[in-house]
Amino acid sequence: MEQYVMKGGTPLIGSVNISGAKNAALAIVAAAVMSDEDVYITNLPDVNDIHVMLEAIKEIGAKVVRPDRHSAIINGSTIDNLVVDYEFIKKIRASYYLLGSLLGKYKQAEVALPGGCDIGARPMDLHTKGFKALGATVDEGYGLISAKADRLVGTHIYLDKVSVGATINIMMAAVMAEGRTSIENAAKEPHVVDVANFLNSMGAEIKGAGTDLIRINGVDHLHGTEYSVIPDQIEAGTFMYAAAATHGEITVMNVIPKHLEATTAKLLEAGCRIAEGDDLVTVSAKDIELQPTQVTTLPYPGFPTDMQPQMTVVLGLANGVSTVTESIFENRFKYVAELNRMGAKVKVESNIAIITGVDHYTGARVDAPDLRAGAALVIAGLAADGLTTVDDIKYIQRGYEDFTEKLRGVGASIEKVDDERALKKFVFQVS
Ligand code: UD1
C-alpha cells in the first residue's frame, strides 16, 4: 500500500510552481468533445482525475493525443458511444460533465450515477432540473442517469442552490440549444469562468460567467481551439497554508492572486504576512504567533470548502479558540478524529468545528479520508514533531501533481513509500 511518510517540524521555505486547475480541467476535457475539430488543451494538471477523464472520453470514441504530460489534443468527431461506463464514474464524480456535453452535442447521453469523495450527500437534482428545462427527458434508475431530447430549446433556469457542477453542466447542455438560455443564481467560481471562456473560444456565445446571471446564445457548431487551463487555486492555497502551519515562507508561482483573495484574507487574520505580485503570492509565517479566527465556507468569492480542512490544521496551532463552519457539504469533518490523534483539540458540533489551538502537533499514523482532508493531514504532519505516515494517499493523488516533489522543493522531508522496507529506509535516513 502506498503511503506518504514525513518528518515534520521544519519550516517550509521556497517557491513552488502551481499546476493547472483540476476542477476546471475536468470540465474542459469533457466539453472538448463537443467539437468535431482538434481541441488543443495546455496546462492540464498531471493528476489521476484527469487521466480518468481522458480515458472516459477515449472509451466513448474520442481521439486523444498527448504531446506532453501537460497537454492533450482532443477530437470528438469519432465518438460512437453515448454511454459512459460506471468504471469511470465511480472513480471521478466529475465524469457527470459528460452528461451535459454529450446531451448538448448529440441530444442524448447516459452516465452512471457518480461516486467521488464522500463528503456528504451530493445530489444531482439541479443538473437534471436544468436539462429538463431545456427540453430533455431525464430518467434515473439502475444506477444510471440518461438524458434525451429531440430538440434542446433555450430557456430561463433558476438554480435553487449555488452549484458549480450544475452551472457548468447546464451551460454545456445549453451552448448548442436553440435560442437563448439564462442561468440565474449561477456559481461564480473561477473554473466556471474558465469553462465559459473555453467554450467561447470554440465559438460558443456565453456572457456573464463570473456573475450570478449567465446568458447563452445557442450556436450550431463548435470549432477547434487552443486553450490553457487556469492555475489551481486550491493547490496554491494548500501550499500557502503549509507555509503558515510550519512557520515558513512560501511563494506560490503562476497563480491568479484575485482567485486567492478569501484564502489570503484568512491568512492575514491568522497573523501571516502576504505579498502579492502579478502572478505570485508570498506567505510568510516566520517568527509569528498564529492568531485564532472565524471562518465559514461559502460559494465563491467566499472561503472555499476545498480549503476548509487545511484552514482547520492552521488554526489548530493558533493561540486561542477558532471556529470553522462548513456550510456547503455536511460530511466534511471526517479528518478531525485523525487530526486529534496528532494532538489537535478540535470538537465538531453539527457543522461547526471548534478549535482550541495547541502549541504543536505530534506525528502519528493517520488515514486520508478524502482529497483535501488528506492534503491537510500532510500539512499537519509537516508541522508536527516526529514522524507521520498518511495512508490512503490515492485520494491525494487524484488532485495534487507531484505532491511530494513539490513539497521537497520547499524543504519538506517527505517520501512516497510503497512497502515496509522503503518506510524503514526513510525512518533510518531521517533519524
Ligand atoms: C465542485 C468541486 C468540489 C467543490 C465544490 C464546492 C469539481 C469537480 N468539484 O463540486 O471540489 O468542493 O464544487 O465548491 O469541480 N447540490 C444540490 N443539488 C445538485 C448539485 C449540488 O443540492 O444538483 C448541493 C451540494 O450537495 C452542495 C452544494 O450544492 O451542498 C454545492 O455543490 P456543488 O457546487 O454542486 O459541488 P460540485 O460541483 O459537486
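Atoms within each ligand, like the ligands themselves, are counted from 1 in listed order.
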Taking the side chain as C-beta and beyond, is there a heavy-atom pair between I183 and I216 under 4.5 Å?
yes
Can a side-chain donor-acceptor contact be found between R341 and Y361 if the only test is distance below 3.5 angstrom?
no
Atoms in ligand 1 flagged as close to R332, the criterion being non-hydrogen separation under 4.0 Å:
12 (O)
Within 4.0 Å of some non-hydrogen atom of G165, the atoms of ligand 1 are 35 (O), 38 (O)
Hey, is K161 touching ligand 1 through its side chain, its backbone, both or neither, going by heavy atoms under 4.0 Å?
side chain
H191 near ligand 1, heavy-atom distance under 4.0 Å?
yes
Heavy atoms only, cut-off 4.0 Å: how does H127 contact ligand 1, side chain, backbone, both, or neither?
both
Could you tell me whether a side-chain N or O of K129 sits under 3.5 Å from a main-chain N or O of Y158, the two making a donor and an acceptor?
yes
In terms of its nearest heavy atom to atom 21 (C) of ligand 1, the top option of S163, G302, A94 is S163
Passing option when D306 is tested against R332, Q233, K22 for side chain to side chain donor-acceptor pair (under 3.5 Å)
R332
What part of I234, side chain, backbone, both or neither, has a heavy atom within less than 4.0 angstrom of ligand 1?
neither
Can you find a heavy atom in the side chain of D125 that is under 4.5 Å from one in the side chain of D160?
no
What do you reckon, does V162 put a non-hydrogen atom under 4.0 Å from ligand 1?
yes
Check for me whether R93 has a heavy atom closer than 4.0 Å to any atom of ligand 1.
yes
Please classify the D306 to ligand 1 contact at 4.0 Å (heavy-atom distances, strictly less than): side chain, backbone, both or neither.
side chain
Do any heavy atoms of P123 fall under 4.0 Å from ligand 1?
yes
Are the charged groups of D36 and K105 less than 4.0 angstrom apart, N to O?
yes
Which ligand 1 atoms does Y96 reach within 4.0 Å, using its non-hydrogen atoms?
37 (P), 38 (O), 39 (O)
Tell me the nearest of L126, V164, D49, I328 to atom 1 (C) of ligand 1, using heavy-atom distances.
V164
Sub-3.5 Å N/O-N/O distance, D125 and ligand 1
yes
Could you walk me through whether R66 and D68 pass the salt bridge (charged side-chain N to carboxylate O under 4.0 Å, His left out) check?
CA-CA 5 Å; R66 302 296 309 267; D68 59 64; over 6 Å; no
Any side-chain heavy-atom pair from I170 and I214 closer than 4.5 angstrom?
no
Test side-chain hydrogen bond (donor to acceptor under 3.5 Å, both in side chains) on N185 and D212; report intermediate values, then the result.
CA-CA 5 Å; N185 201 27; D212 54 14; over 6 Å; no
Pair R408 + E415, salt bridge at N-O below 4.0 Å:
yes
Which part of T305 is near ligand 1, with near meaning a heavy atom under 4.0 Å away: side chain, backbone, both or neither?
side chain
Proximity to ligand 1 by part of M53, non-hydrogen separation under 4.0 Å
neither
At a non-hydrogen distance cut-off of under 4.0 Å, which region of F329 contacts ligand 1 (side chain, backbone, both, or neither)?
side chain
Pairwise side-chain contact, Y335 with T312, heavy-atom cut-off 4.5 Å (strictly under)
yes
